[in-house]
Protein chains: 4
Amino acid sequence: MSPTGSRVRDAAIELFAERGFHGTGIRDLAERAGLSSATLYHYMGTKEDLLVSIMTTSLGRLLTAGERLTADGDPLARITALVELHVLTHAVRRLETRVVDDEMRSLSPDHRATVVALRDRYEHLWQDAIDTGCATGAFHVRAPRVARLALLEMCGGIARWYTPDGPIPLEQLALRYAEMALGVLGAAGPPPELAVDSVRRTMALVDEIWLPD
Amino acid sequence: MSPTGSRVRDAAIELFAERGFHGTGIRDLAERAGLSSATLYHYMGTKEDLLVSIMTTSLGRLLTAGERLTADGDPLARITALVELHVLTHAVRRLETRVVDDEMRSLSPDHRATVVALRDRYEHLWQDAIDTGCATGAFHVRAPRVARLALLEMCGGIARWYTPDGPIPLEQLALRYAEMALGVLGAAGPPPELAVDSVRRTMALVDEIWLPD
Amino acid sequence: MSPTGSRVRDAAIELFAERGFHGTGIRDLAERAGLSSATLYHYMGTKEDLLVSIMTTSLGRLLTAGERLTADGDPLARITALVELHVLTHAVRRLETRVVDDEMRSLSPDHRATVVALRDRYEHLWQDAIDTGCATGAFHVRAPRVARLALLEMCGGIARWYTPDGPIPLEQLALRYAEMALGVLGAAGPPPELAVDSVRRTMALVDEIWLPD
Amino acid sequence: MSPTGSRVRDAAIELFAERGFHGTGIRDLAERAGLSSATLYHYMGTKEDLLVSIMTTSLGRLLTAGERLTADGDPLARITALVELHVLTHAVRRLETRVVDDEMRSLSPDHRATVVALRDRYEHLWQDAIDTGCATGAFHVRAPRVARLALLEMCGGIARWYTPDGPIPLEQLALRYAEMALGVLGAAGPPPELAVDSVRRTMALVDEIWLPD
DNA sequence: CATGAATGAGGTTTCATTCAT
DNA sequence: CATGAATGAAACCTCATTCAT
């Protein structure tokens with residue numbers, strides 16, 4: 001993407017995350033991007049197109065990463081990786097992920113369907129890991145669907161408060177969330193050194209997936 | 001409040017929850033309440049005043065309930081009750097709670113400060129229970145502040161999907177969330193029959209607190 | 001008029017004078033009068049009716065007084081009395097007279113015609129005195145119509161700044177204006193003691209005319 | 001200024017003068033300027049900004065002209081020039097000057113302060129000439145401050161009735177006002193041919209000062 | 001006598017978007 | 001590639017007024 005195009009996109013991510021889609025005006029976007037509002041339209045379709053593009057890109061990357069991480073491994077390894085992915089992504093890409101999580105309602109029906117389909121595929125990775133783990137006896141959960149919803153909210157919530165200046169390094173945060181998630185699922189975690197290895201692998205993937213931006 | 005005033009308030013809760021504050025127009029409100037947009041202004045100040053009133057009322061009730069439930073009891077009982085309260089309120093009052101959780105950013109600085117102060121008092125009840133439980137050895141958490149944030153997100157998330165028509169009765173849902181929360185905190189739960197008693201007590205309080213509406 | 005009716009009228013005079021007719025809202029009037037805006041309508045017709053009533057009353061009294069003062073006397077005495085009348089009225093009834101002078105343009109055509117007719121009758125008293133004085137050689141003016149307009153503006157202007165707390169007593173002010181007016185007309189004034197007598201007589205008339213209010 | 005910008009400004013001057021600031025709607029302005037009401041906002045800030053700009057420009061020019069005319073000369077010459085300036089400006093620029101004289105009350109406090117400061121500087125030129133003339137014995141006035149106020153009202157009043165179609169040429173009108181003003185001040189005027197010269201010089205300045213518009 | 005409730009019309013200003021240059 | 005100019009629609013809110021109680 002052209003550098004100016006990126007500026008537009010970045011401006012949109014910042015403002016949509018901060019003020020919401022309907023709370024952000026075209027002029028706000030233009031000002032933040034350092035352009036006139038007319039010029040904006042060289043780099044985007046409508047305001048909603050911009051939102052859709054942000055959401056599909058972000059969700060698409062999350063899905064790609066999720067699929068790679070769950071291509072093999074036992075349920076415990078898979079859910080651990082998904083939790084790490086979700087937490088790290090929501091921390092490293094706070095703004096994009098907030099837009100994805102909060103602005104679904106601002107989409108028109110057609111666009112919403114597209115985005116929801118992506119999200120469903122992603123969430124299916126979670127549900128599958130949870131269900132399999134319940135079947136194998138690795139997890140002890142009485143309402144697996146509820147567990148999925150609870151875990152997703154819990155892990156995604158980090159985007160509402162995370163800052164890199166906080167007292168706990170991000171790697172440690174991811175470990176804590178992984179522990180909490182396994183607590184939710186009634187599972188025992190792996191030994192610490194394996195857990196650290198897992199987080200580092202996931203972090204590397206997150207960096208790779210978001211690199212081209 | 002006058003019946004018409006209630007209709008205005010209810011319309012606002014529905015629409016703010018569904019479309020967001022900035023996504024809801026005065027005409028939408030008027031139409032939903034069955035009034036002309038001019039008449040709306042007999043029952044509210046500005047649109048933001050209406051939002052503030054909804055948020056402070058809702059948060060105020062949650063805080064009152066939380067304070068009552070944590071007036072005594074050991075940390076396990078207190079955190080259990082708070083989880084139940086949060087889950088039940090977010091299920092029974094899906095719309096209000098979504099507005100409270102999502103529209104903080106739509107408030108002007110002054111109003112935001114007021115609302116944030118209320119929320120902080122409420123969240124302090126959680127932090128206090130968690131910290132005490134960690135100190136007594138009832139909980140095993142390495143990052144108590146993170147645990148609080150994670151639990152609040154997890155439990156509040158129910159407002160994003162709950163419907164009374166779902167396959168799991170609300171009482172059971174609350175029990176599941178309590179179990180998951182104790183898993184997050186690395187704690188063992190009480191025997192089932194005591195847990196049911198607790199949920200029923202909390203449900204009664206929720207009903208009472210929200211009655212006058 | 002009922003005491004409440006007077007309050008309404010007084011409120012209108014104050015606010016119309018201060019903010020102008022279009023700058024004054026019905027609610028402003030109601031608040032100033034200590035009534036609800038609905039109750040206002042027991043004491044007036046439309047907002048414009050209220051304006052018309054204020055203007056015709058005020059102009060009517062000025063006209064009555066002017067006619068009395070010019071019923072006899074030579075041109076110098078008549079113009080002196082008119083100047084005194086105009087100045088004293090605009091000082092003692094600053095607000096009414098400002099409304100009369102400034103809000104003609106806010107009247108609808110019909111009402112305007114009525115008010116203009118009154119004003120014309122009043123101004124004719126001035127023109128007549130001036131013209132007669134020119135004919136008798138008492139005044140030396142090359143453009144008598146312009147002189148009339150200039151004098152009326154000059155004398156009425158006192159309503160834009162007069163306050164009873166000023167350093168110069170009102171009686172003195174009236175004398176100064178009379179002197180200036182005669183200067184405008186190229187006429188010599190009467191001896192001081194006669195001038196004072198005249199002002200006092202005019203002041204008494206002003207008090208009488210405005211008494212019933 | 002762009003031609004369209006001028007049209008907006010001209011429309012505002014006409015309508016504010018005719019109907020008053022509060023009596024003029026944005027749609028009236030747009031219609032008069034031949035624009036949509038949205039387009040109006042490319043050429044102005046708020047409606048009040050437009051008013052402020054009109055007032056400061058107009059007053060600023062009057063002040064500049066006044067300063068030039070009173071840079072030297074004896075009190076009689078200075079006051080004569082000021083009277084001519086005031087009269088000619090109020091005749092040639094009837095609408096602007098009416099807005100300046102009538103709409104001070106429509107300004108918000110901050111803007112009002114700015115405009116009042118300009119007006120005070122302008123009026124100070126008058127007061128200074130009057131006071132000096134009294135000191136030198138050129139004028140005979142017992143209340144110099146009152147004289148200033150009276151003269152300003154008298155001369156500015158021409159904007160309320162002047163039309164170029166009237167029976168008296170503007171140059172003659174200015175002479176008549178100068179004579180009347182000297183009458184107010186108890187002063188004898190210059191011989192006719194000098195007076196005519198003075199008016200012509202002042203008229204040239206007025207034309208020059210208002211040219212760039 | 002007084003008012004709360006109600007409203008259609010209109011207030012000023014901003015919206016997202018287009019297009020000629 | 002960039003923008004100033006333009007606009008219909010809509011934003012939030014207030015207007016003057018009526019009427020049942």
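Keep in mind it's a predicted model, so treat the numbers as computed, not measured. Every chain is numbered from 1 and lettered A, B, ... according to where its sequence line falls, protein lines coming before strand lines.
- DNA chain F is contacted by both C/Gly25 and B/Gly25; B/Gly25 maps to the nucleotide lying nearer its 5′ end (nearest heavy atom per residue).
- The nearest whole Å value for the distance from the OH atom in B/Tyr41 to the P atom in F/dT17 is 22 Å.
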Between the protein and nucleotides 4-8 of chain F, list the N/O to N/O atom pairs that are separated by less than 3.5 angstrom.
| residue | atom | partner | partner atom | Å |
| --- | --- | --- | --- | --- |
| F/dA6 | OP2 | D/Tyr43 | OH | 2.2 |
| F/dA6 | N7 | D/His42 | NE2 | 2.6 |
| F/dT7 | OP2 | D/Ser36 | N | 3.4 |
| F/dT7 | OP2 | D/Thr39 | OG1 | 2.7 |

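- Residue order along DNA chain E, read from the 5' end via each residue's closest nucleotide, puts D/Ile26 first among D/Ile26 and A/Glu48.
- Using modelled atom types, one finds no donor on one side chain facing an acceptor on the other under 3.5 Å when comparing A/Arg7 with A/Ser2.
- Remark: P of E/dT14 and CG of D/Asp49 are 10 Å apart, rounded to the nearest angstrom.
- The distance from atom CG of C/Asp28 to atom P of E/dG11 is 17 Å, rounded to the nearest whole Å.
- The partner of F/dA6 is E/dT17, judged by Watson-Crick or G-U wobble contacts that both fall below 3.5 Å.
- In this structure, A/Lys47 places its NZ atom 16 Å from P of E/dT14, rounding to the nearest Å.
- Counting only N and O atoms by type, the side chains of A/Arg19 and B/Ser106 include no donor and acceptor under 3.5 Å apart.
- We find that CD of C/Glu31 is positioned 11 Å from P of F/dC15, with the value rounded to whole Å.
- Pair assignment for E/dG11 gives F/dC12, based on Watson-Crick or G-U wobble hydrogen-bonding distances that are each under 3.5 Å.
- Considering only heavy atoms from C-beta on, A/Glu96 stays 4.5 Å or farther from A/Thr57 through its side chain.
- Distance, B/Met44 CE to F/dC13 C1': 9 Å, rounded to whole Å.
- With respect to C/Arg32 and C/Asp10, no salt bridge is recorded, no charged nitrogen being found less than 4.0 Å from a carboxylate O.
- For the pair A/Ile26 and A/Met44, the minimum side-chain heavy-atom distance is below 4.5 Å.
- Side chains of D/Thr56 and D/Leu59 form no contact here, defined as non-hydrogen atoms less than 4.5 Å apart.
- A salt bridge is absent between D/Arg160 and C/Asp101; no separation between the charged side-chain nitrogens and carboxylate oxygens falls under 4.0 Å.
- Taking atom NE2 of C/His22 as the reference point, atom P of F/dT14 lies 20 Å away to the nearest angstrom.
- Remark: P of F/dC15 and CG of C/Leu29 are 11 Å apart, rounded to the nearest angstrom.
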